[in-house]
Amino acid sequence: MKTSVIGYPRIGILRELKFASEKYFRSEIGAEELLQTAKELRKTHWLTQKNAGIDYISSNDFSHYDLVLDTAVMLGIIPKRYQELQLSELDTYFAMARGYQGDSGDVKALAMKKWFNTNYHYIVPEVEDDTKIRLSNDKLWKEYEQAGALGIETKPVVIGAYTMLKLCRYTGVKNETNFIEDMVAAYKALLDRCQKEAINWIQIEEPALVQDMTKEDIEVFHAVYDALLPYKKDVHILLQTYFGDVRDIYEDLLAMPFDGIGLDFLEGKETVALIEKYGFAKDKILFAGLVNGKNIWKNHYDKTLQVLEGLRQKEIQVVLSTSCSLLHVPYTLENEEKLAKEYLDHFAFAKEKLTELQEIGTLAEVKNYQDEEAYRKNQKFFTRKRDCDHDEVKERLSKVTKKDYVRVPKRSSRQQLQKEVLGLGDFPTTTIGSFPQTKDVKANRSAYRRGEITRQEYVDFNKKKIADCVKWQEDIGLDVLVHGEYERNDMVEYFGEALGGFLFTQKAWVQSYGTRCVKPPIIWGDVYRKSPITVEWSVYAQSLTKKPMKGMLTGPVTILNWSFPREDISIKESISQIALAIRDEVLDLEENGIRVIQIDEAALREKLPLRKSDWYREYLDFAIPAFRLTHSGVKPETQIHTHMCYSEFTDIIPAIDDMDADVITFEASRSDLLILDSLRENHFETEVGPGVYDIHSPRVPSVKEIVKAVRIMLQKIEKEKLWINPDCGLKTRGVAETDASLRNMVQAAKEIRS
Ligand SMILES: Nc1nc2c(c(=O)[nH]1)N[C@@H](CNc1ccc(C(=O)N[C@@H](CCC(=O)N[C@@H](CCC(=O)N[C@@H](CCC(=O)O)C(=O)O)C(=O)O)C(=O)O)cc1)CN2
Ligand SMILES: [Zn+2]
């Protein structure tokens with residue numbers, strides 16, 4: 001059976017692309033050196049796949065920042081303000097991704113959004129009324145040729161017209177339907193060029209098909225492909241979907257002249273049922289996404305082979321594929337020197353998944369595959385007992401009652417009390433938690449990790465940073481202070497390292513956006529708190545000031561969503577276990593004199609199921625109670641904050657209010673004033689701090705700008721309920737811009753008060 005990979009990671013096993021790009025941004029290397037690094041990475045990635053025996057290897061899955069941005073640039077979707085900078089092609093591209101401030105001008109970056117239900121972010125293309133969509137560069141063919149020169153025939157990948165039309169932001173009066181025609185013409189030109197280059201297969205990715213589709217959406221899809229498909233000649237088109245099933249358009253797809261259709265059998269809950277019900281097309285190849293592109297557990301060959309056997313009985317032509325791009329998993333287990341073999345045996349990262357594809361593909365063609373060595377070896381890992389139980393957690397969870405999910409007294413009676421006890425006036429100012437993770441902070445941690453300094457030295461350094469940070473905030477005049485999170489590598493990995501039941505890795509980086517990566521910890525077993533985690537830091541920070549010091553925790557939903565979850569128990573059960581551990585930490589902070597505690601649920605909105613029908617039953621019905629479980633035990637006067645960096649929750653406002661936090665801070669960038677309207681309409685009770693400036697950019701907001709933003713907020717939010725804060729943590733920012741921005745923010749708050 002042939003095998004296919006949708007896409008491969010690109011940041012580099014040792015994050016070579018990240019470091020080269022950041023050097024380029026600091027002008028420490030030139031474009032040539034950066035491009036050379038990129039070229040070598042592509043070569044390595046293709047050869048790795050080739051050597052693993054993969055048949056359909058992607059090209060053009062490489063990106064210097066993001067594939068949606070690449071596709072936008074390919075289609076000529078470059079807003080005028082970036083063209084006017086008159087920079088090189090590469091620098092125009094980076095200006096769109098990161099903003100530009102320099103000799104040629106001053107422009108903000110394009111918006112960044114979550115890529116479906118992942119922790120990867122894409123750049124939102126902006127289409128202006130006079131944008132001329134047309135094929136505008138040849139990156140796709142250059143990369144195809146580079147692979148060709150290495151003797152590798154690849155399938156170039158490109159994001160499809162339908163998904164692009166859905167993801168673009170339209171800044172004028174026109175909307176997606178006004179651009180269908182130009183879009184089709186551009187993709188025709190693309191097919192034309194593929195034809196000229198005698199490209200055999202092209203992978204057109206349409207993940208937007210796995211979301212709920214309206215009648216109008218279906219019409220847009222048809223308008224695009226009914227025009228495009230008759231135009232194709234020899235080049236084969238693989239219509240690739242992922243992250244769910246295509247229930248709203250499956251029958252249509254079968255009837256359309258695609259040569260291959262890629263379906264996700266893992267997140268696509270209904271994929272198998274759709275095939276059962278409607279069959280598959282005799283003239284098409286099914287690219288069956290059965291090797292998980294998102295999680296890191298070994299594939300259970302037996303299960304996969306049974307699905308393949310079912311497809312074989314239906315006489316469907318099958319290519320075995322990953323369920324989505326491998327971008328979302330780390331490169332390889334080979335560099336994990338600290339995890340015992342007993343653990344590593346259970347995992348497969350990107351490179352190991354290539355072996356899985358190859359082995360399963362081979363087994364699928366053997367009649368008695370149960371007798372094969374590869375099968376038997378794999379079966380062993382799924383029959384032997386993993387050492388992952390912690391019975392006390394299970395027992396404790398079984399004793400949780402309804403009452404444990406309810407905080408008393410009700411919020412409306414807590415809010416006034418808290419104001420008095422904490423001595424807060426109107427428009428309190430605060431920050432989201434982290435302060436700049438400067439070089440010295442990372443170097444200190446790195447030295448400690450390498451054993452070059454003692455634990456005491458590590459702690460002393462961080463305490464000094466905390467003391468400086470407290471002084472800094474008092475000097476700026478903020479009302480509710482934070483300790484700065486200097487002791488944390490990442491808000492999730494840090495808790496993963498501290499909690500029982502988690503494993504963590506050394507080099508298992510996954511790209512989150514641009515050059516930024518995370519190392520998601522792995523949930524191996526039942527989760528429990530071994531001992532207090534943050535108390536020492538928070539208590540120390542509080543001892544330095546009379547102002548309230550916010551304790552800072554990550555919530556259970558976010559810890560789970562930004563980790564690699566177990567597959568042997570439900571998400572609900574894992575989240576509940578984590579909630580109990582965080583609950584203990586909350587109560588310990590309170591017991592030790594911390595009066596304000598923030599429990600971040602940055603990823604709550606991100607993992608909201610892609611289909612509305614699943615929102616409550618499969619997610620909110622347990623995610624929201626899990627959050628309540630973390631804080632229901634505190635005293636009425638203890639103020640609970642939460643934070644979400646992605647505020648597109650207009651549709652689930654009652655659920656957010658139901659978390660029963662006292663205060664929520666969130667991102668409220670330019671276009672999000674819509675959320676303020678919905679807050680009002682839904683009688684949102686939680687106090688709110690919609691971010692008054694964007695922390696993803698080094699730009700310093702002026703006092704005037706912030707005052708203006710707050711005034712707009714005041715039209716929608718009662719003044720007793722409004723907090724003033726940036727829209728997310730400051731860890732990626734520099735010291736100088738942080739200082740200037742926060743001083744302007746505090747000044748703006750003063751002006752608003754008077
Ligand atoms: N998990 C998670 N997801 C999230 C966010 C988040 O904060 N966490 N925020 C949103 C945006 N996403 C983000 C993702 C990553 C970063 C980020 O800053 N990542 C850092 C890495 C952070 C980290 O883990 N740092 C480690 C390792 C640092 C490092 O590279 N050390 C060097 C040595 C450095 C030295 O000696 O000076 C090494 O190990 O080789 C640490 O501080 O300990 C980066 O890519 O640069 C920011 C935002 C949404 N998703
Ligand atoms: Zn945030």
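Just so it is clear, the values below take in all heavy atoms, side chains as well, and ignore hydrogens, waters and symmetry mates. For the single chain, residues carry numbers from 1 onward in sequence order. Counting starts at 1 for both ligands and their atoms, in listed order.
- Around ligand 1, the residues contributing at least one heavy atom under 4.0 Å from the ligand are Arg15, Lys18, Lys114, Asn119, His121, Lys442, Ala443, Arg445, Ser446, Arg449, Asn489, Asp490, Met491, Glu493, Trp509, Ser512, Tyr513, Thr515, Arg516, Cys517, Val518, Trp562, Lys731, Thr732.
- As for His643, its N/O/S atom nearest the Zn ion (ligand 2) is the one called NE2.
- With sequence neighbours left out, Arg529 forms a salt bridge (charged side-chain N to carboxylate O under 4.0 Å, His left out) with Glu585, Asp588.
- Between Phe502 and Phe495, the ring centre distance reaches or exceeds 6.0 Å.
- For Arg15, the salt bridge (charged side-chain N to carboxylate O under 4.0 Å, His left out) test picks out no residue, with sequence neighbours left out.
- In this structure Ser446 satisfies the side chain to side chain contact (heavy atoms under 4.5 Å, CB included) test together with Arg449, Arg450, sequence neighbours excluded.
- Between Asp658 and Arg628, at least one side-chain nitrogen of the basic residue sits less than 4.0 Å from a carboxylate oxygen of the acidic one, meeting the salt-bridge criterion.
- Remark: Arg42 qualifies as a cation-pi partner of Phe62 under the 6.0 Å distance and 45° angle criteria applied to the six-membered ring.
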